[in-house]
Engineer: 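Below: one structure in structure tokens.
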Amino acid sequence: QVQLVQSGGGSVQPGGSLRLSCAVSQYNRESFLMAWFRQAPGKEREGIAAITAPYDTTYHSAVEGRFTISLDRAKKTLFLQMTGLKPEDTALYYCAAADRRTSQWWRMAPAEYTYWGQGTQVTVSS
């Protein structure tokens, strides 16, 4: 049973930084595909960063240059380093893992992800 357990998040002032972690268990895919999503109140869940084998990444334009996704395969942990946070980054953040990777993986479609973390709140305000 694949399990994703998130940690990190919290409240920060604009311009601040946070790091989210996602501990992964029982997920052994040669062509792994993992991502971070977020969902703000009243809005749809959107993919913001994804990583796939061997080490390709993609980012939503709203976070590119500010957020960094990484995977520590030895520690089996997915990270999202967030810098230059803005009030519009306020949302519930989720990590996710896919059973298989499609050619459109870079679109970060939520429907392509089978396993999800429990979610963690990130609030950016002064």
Engineer: Does a donor on one side chain sit under 3.5 Å from an acceptor on the other, for T102 and E112?
Structural biologist: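 Yes - a donor-acceptor pair under 3.5 Å links their side chains.
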Engineer: Do M82 and V122 have side-chain heavy atoms sitting under 4.5 Å apart?
Structural biologist: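 Yes. Closest side-chain heavy atoms under 4.5 Å.
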Engineer: What I'd like to find out is whether the side chain of C95 reaches to under 4.5 Å of the side chain of Y113, using heavy atoms alone.
Structural biologist: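 Contact flag for C95/Y113 side chains = no.
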Engineer: Got a second to check how far T57's OG1 is from E64's CD, nearest 0.5 Å?
Structural biologist: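 Output value for this atom pair is 8.5 Å.
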Engineer: To the nearest 0.5 Å, what is the distance between CG (L4) and OG (S25)?
Structural biologist: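 Result: 7.5 Å between the selected atoms.
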Engineer: Rounded at 0.5 Å granularity, tell me how far CD in Q118 sits from OH in Y94.
Structural biologist: 9.5 Å
Engineer: Classify the side-chain pair T52/R101 by whether it contains a donor and acceptor separated by less than 3.5 Å.
Structural biologist: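 The criterion, which ignores hydrogens and geometry beyond distance, is satisfied for R101 and T52.
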Engineer: Is it the case that the side chain of W36 and the backbone of F79 share a donor-acceptor pair, with hydrogens and angles ignored and the cut-off at 3.5 Å?
Structural biologist: yes
Engineer: Should the heavy atoms of other residues, nucleotides or ligands under 6.0 Å from CD of E44 be counted, would the total exceed 12?
Structural biologist: no
Engineer: Just so I know, are the side chains of Q81 and S17 near enough to count as touching, which here means a heavy-atom distance under 4.5 Å?
Structural biologist: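 Q81 reaches S17 side chain to side chain.
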Engineer: To the closest 0.5 Å, what do you measure between CE (M34) and SG (C22)?
Structural biologist: 5.0 Å
Engineer: How far does OH of Y59 sit from OG1 of T68, to the nearest 0.5 angstrom?
Structural biologist: 4.5 Å
Engineer: Compare all side-chain heavy atoms of I48 with those of M108 and state whether any distance is below 4.5 angstrom.
Structural biologist: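 A side-chain contact under 4.5 Å is absent here.
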Engineer: Taking side chain as C-beta onward, heavy atoms only, is R38 less than 4.5 Å from V63?
Structural biologist: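 When only atoms from C-beta onward are counted, V63 and R38 do touch, with a gap below 4.5 Å.
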Engineer: Between A49 and L80, what is the shortest heavy-atom contact and its length?
Structural biologist: CB-CD1, 4.2 Å
Engineer: Can you find a heavy atom in the side chain of S7 that is under 4.5 Å from one in the side chain of S21?
Structural biologist: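 Yes; the side chains approach each other to less than 4.5 Å.
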Engineer: Under 3.5 Å, is there a donor on one side chain and an acceptor on the other for D99 and Y115?
Structural biologist: yes
Engineer: So, the side chain of T120 versus the backbone of G8: is there a donor-acceptor pair under 3.5 Å, distance only?
Structural biologist: yes
Engineer: Consider only side-chain heavy atoms of I, L, V, M, F, W and Y, link residues closer than 4.5 Å, and tell whether V2 and L33 are in one cluster.
Structural biologist: no
Engineer: As a quick check of understanding, evaluate side-chain contact (heavy atoms from CB on, under 4.5 Å) for D56 and I51, giving each step before the final call.
Structural biologist: CA-CA 6 Å; D56 292 332; I51 186 168; over 6 Å; no
Engineer: Look up atom CG in L85 and atom CG in L18, then write down how far apart they are to the nearest 0.5 Å.
Structural biologist: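 The CG atom of L18 is 5.5 Å from CG of L85, to the nearest 0.5 Å.
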Engineer: May I ask you to test the E46-Q39 pair for a side-chain heavy-atom distance under 4.5 Å?
Structural biologist: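 When only atoms from C-beta onward are counted, Q39 and E46 do not touch, as no gap falls below 4.5 Å.
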Engineer: Please work out whether the ring planes of F37 and W116 are parallel, tilted or perpendicular, with thresholds of 30° and 60°.
Structural biologist: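 Rings of F37 and W116: tilted, as their planes differ by 30° to 60°.
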Engineer: If we ignore hydrogens and angles and just use 3.5 Å, is the side chain of R66 paired with the main-chain N or O of A62 as donor and acceptor?
Structural biologist: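 Yes, R66 side chain to A62 backbone: donor-acceptor pair under 3.5 Å.
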Engineer: For the residue pair F67 and Y93, does the interplanar ring angle fall in the parallel (under 30°), tilted (30 to 60°) or perpendicular (over 60°) class?
Structural biologist: tilted
Engineer: Take Y27 and R29 through the test side-chain contact (heavy atoms from CB on, under 4.5 Å) and record every step on the way to the result.
Structural biologist: CA-CA 6 Å; Y27 181 66; R29 305 290 188 275; 3.3 Å; yes
Engineer: Please report the closest heavy-atom contact between P54 and F32, naming both atoms and the distance.
Structural biologist: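 Smallest heavy-atom distance, with atoms named: O-CZ, 4.1 Å.
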Engineer: To check you understand the geometry: which heavy-atom pair defines the closest contact between A35 and I69, and what is its length?
Structural biologist: CA-CD1, 4.3 Å
Engineer: With a 4.5 Å heavy-atom cut-off, do T90 and E88 have their side chains touching?
Structural biologist: no
